[in-house]
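Per chain, numbering begins at 1; letters A, B, ... match sequence-line order.
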Amino acid sequence: MSPPDRAEEFVFLLARHERLLGAYVMTMVPHPQDADDILQETKVVMWRNFAKFETGTNFGAWARKVAFHQVLAYRKRKHRDRLDFSEDFLRTVSEEVEQSADRLEQREKVLHECVAKLPADHRDALHLRYQEGLSLEDMASRLERTVGALYRLLSRVRHVLHECVTKNLHSSENEAV
Amino acid sequence: MKPSDPNPDADGAASLPPEAELRELCNRLLDGEFSPADRTQLEALVLGSTGLRRLYVEIMHQHASLRQNASRLGDVPLADVLQTFPDLEPTGKIIRFPQWIGAIAAALVLGLSIWWFVPRPAERPLATLVETNGARWDNSSLPTVPGSHLKAGRLRLESGVARLVFQSGAEVSLEGPAELELQGPNTCFLHSGALTAHVPPQAHGFTVATTNARLIDHGTDFGISADPNGRGQVQVLKGEVELRHDHSGEVRRLATHESAAITPDRFTEAKNADGEPDRYAFLRKDSALHPSTLTLTTAGGTGDAAYVVSPNSPIHFSDTLLLVKNAPTKGYRRKAYLRFDLTPLRDRHVAEAALTLNFEATGFGYASLTDECTFAVYGLADDSQDNWSAETLTWENAPAFSPDAGTVDTAKAVKLGTFTTPRGVVSGSFSIEGQALANFLNTDANRRATLIVVRETSEPGNSAAVHGFAGNHHPTLAPPTLKLTLAER
């Protein structure tokens, strides 16, 4: 296969799996910036080793294996932090993601419907937090609200979305039966 | 922020039921301050219960999904992404992985999930102008030198013949007077005039749209003509084409030597009294030589169309619509700027003029909460400010700037008319016409006319719709259009 085709294959496979991969890293690394760095490194390592990946086998599982090692390597390299999760925790959570992969992908499909149902000010808050990547402090000054109020708002939105996805997932499963 | 801030009543989170406690710990982890004690507690909960383990993974996954769906997309097509790959051989070599690769890749597969974005039309060469014979060009929005690579845009050929080859390999000879819009590597829109096409096998599917019908090639040589009123004619010289009528839905296949006429309602026979296909019938009217009407759009010549965004706008953008909004929150305000190239008027005097804008729902805000809205159109009197460009126009550097969303600096611009959209209506065509507009066009000295559209009606809250009308890059709706009736010579 010529390099551009191989590259295209990589981009497509990554597209299919990278969200779950991002989530996977985030379950194991408490600092978002660290999680981003690890995810980025993971993608580079994956590309460098893509020749070793066999087309047709489980790309997602392979990607997560690479990511798991990157998490461990990152922790080793970085000064140990009191916030770092124990290795026991990492392994347990990592197995949980592996087992839940299909369900999580289903959840993501439903998520956008649930976001669409949110009131406009909740969507705006999500937008500022997630698209603009603003800190709560920046959001607070932008929206002229307190950090505490925004914290509570985001907590509520997170909870509402989670319940909405769970409910819709169940109702669509019931319809399918 | 201190973790106890959001939760002043609870002494830590320990008094909550385990599920609520886990949610609270996740909130601190994601938005607040996460302490080593929190970490210990989170681990204990997650390791101690399969249900909570599952919940933890779901919450973190939801957070990650929201972040990744929000990645900025931009307008980089896959081909450009892959062009960055030759240096990216899968070897041991370290490479710089572009930050946006994930977003691009994600967009390829999960277009549906990109909730907040509309991709821009691609600015890539679609065709090459290979030769011209006696061609005289009107003010085209595209380069007209042979050898030019043509991006999306309009070619206006006044007379003569120009030959272009699309990226797909389809060859088109355009006969003036004609106006052809390049829309894709294998697609064009014939607004008026005639063309013949030779379509080699690799370009099968080549499509020529006209106002009322589309022609899809199945391997042929064919000719097609169209007049500005949506009538046209098709003749197959060799091979087969398919015709689809936009309104009646009628589909016709034409084989070698067959022909058909396009009318606004249907296809009919295209023969003259002698039984010969008559493709120039519509051009033979004397009026074609000295037209008494003229249609200009912001897509023609040095025209342009843009909207300005008040500072610190967090959301609500569009690449196809020009947004207009007047709301109490400063970040939500929008105004539209239009520039028409008036050179096709030459020395003719405008007797009557109408400006038409084609509105479409923007998806921002609620139409049901939108009251009747009055829009005003201003003409920029200061010609020295006509040379703005869509790329550099900002809220504050825009001509006739006023911080108020519902008006402009009336020392620099004159109000030409208003129109009103009914309650709850956010789509459809709306126009202004009248002597003020005609006078403004007649007195414009530099042959470039800037018009500014604002919404005069403010709203009590921020939840009403953001209005939007088609700009120069809308896939189906016509750009802002001036219909001019010219005075007799």
Between His61(B) and Tyr24(A) (judged by ring centroids, cut-off 6.0 Å), do the two rings come close enough to count as a pair?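 Ring centroids of His61(B) and Tyr24(A) are no less than 6.0 Å from each other.
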Identify whether the distance between the nearest side-chain nitrogen and carboxylate oxygen of Arg107(A) and Glu58(B) falls below 4.0 Å.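 A salt bridge is present here (some side-chain N lies under 4.0 Å from a carboxylate O).
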Is Asp31(B) salt-bridged to Arg129(A), going by a charged N under 4.0 Å from an acidic O?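 Yes.
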Which bit of [X] is near chain B, if near means a heavy-atom gap under 4.5 Å: side chain, backbone, both or neither?
X         : value
His159(A) : both
Asp121(A) : neither
Leu104(A) : both

Can you confirm whether [X] sits close enough to [Y] that some side-chain heavy atom of one is under 4.5 Å from a side-chain heavy atom of the other?
X        : Y        : value
Thr92(A) : Tyr56(B) : no
Asp84(A) : Arg39(B) : no
Glu43(B) : Ser86(A) : yes

When only pairs under 4.5 Å are counted, which of Leu30(B), Thr40(B), Ile59(B) shares the most heavy-atom pairs with chain A?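 So the answer, after comparing Leu30(B), Thr40(B), Ile59(B), is Leu30(B).
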Going by the rule salt bridge (charged side-chain N to carboxylate O under 4.0 Å, His left out), which residues pair with Arg156(A) if we only count those two or more places apart in sequence or in a different chain?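 Checked Arg156(A) against salt bridge (charged side-chain N to carboxylate O under 4.0 Å, His left out); zero matches.
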Expected output: side-chain Glu108(A) to main-chain Gln62(B) donor-acceptor under 3.5 Å: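 The answer is no, because no donor-acceptor pair under 3.5 Å joins these two groups.
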For residues [X] and [Y], report the shortest heavy-atom separation together with the two atoms involved.
X        : Y        : result
Ala23(A) : Ala64(B) : CA-CB, 3.4 Å
Phe89(A) : Leu47(B) : CA-CD2, 4.0 Å
Thr27(A) : Val57(B) : CG2-CA, 4.3 Å

Straight-line distance of [X] [atom1] to [Y] [atom2], nearest 0.5 Å:
X         : Y         : atom1 : atom2 : answer
Asn27(B)  : Tyr151(A) : CG    : OH    : 4.5 Å
Ser100(A) : Arg54(B)  : OG    : CZ    : 6.5 Å
Ser65(B)  : Lys109(A) : OG    : NZ    : 12.0 Å
Leu154(A) : His63(B)  : CG    : NE2   : 10.0 Å

Any residue meeting side chain to side chain contact (heavy atoms under 4.5 Å, CB included) with Thr370(B), in chain and number order, not counting sequence neighbours: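 Partners of Thr370(B) by the side chain to side chain contact (heavy atoms under 4.5 Å, CB included) criterion, ordered by chain and then number, come out as Cys373(B), Ala464(B), Ala465(B), His467(B).
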Under 4.5 Å from a heavy atom of chain A, the part of Arg53(B) involved: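 Both parts, backbone and side chain.
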For Gln202(B), is the CD atom crowded, meaning more than 12 foreign heavy atoms sit under 6.0 Å from it?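 Yes, CD of Gln202(B) has more than 12 neighbouring heavy atoms, counting only those of other groups under 6.0 Å.
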Please identify, among Leu13(A), Val97(A), Asp36(A), the residue contributing the most non-hydrogen atom pairs under 4.5 Å to chain B.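 It is Asp36(A).
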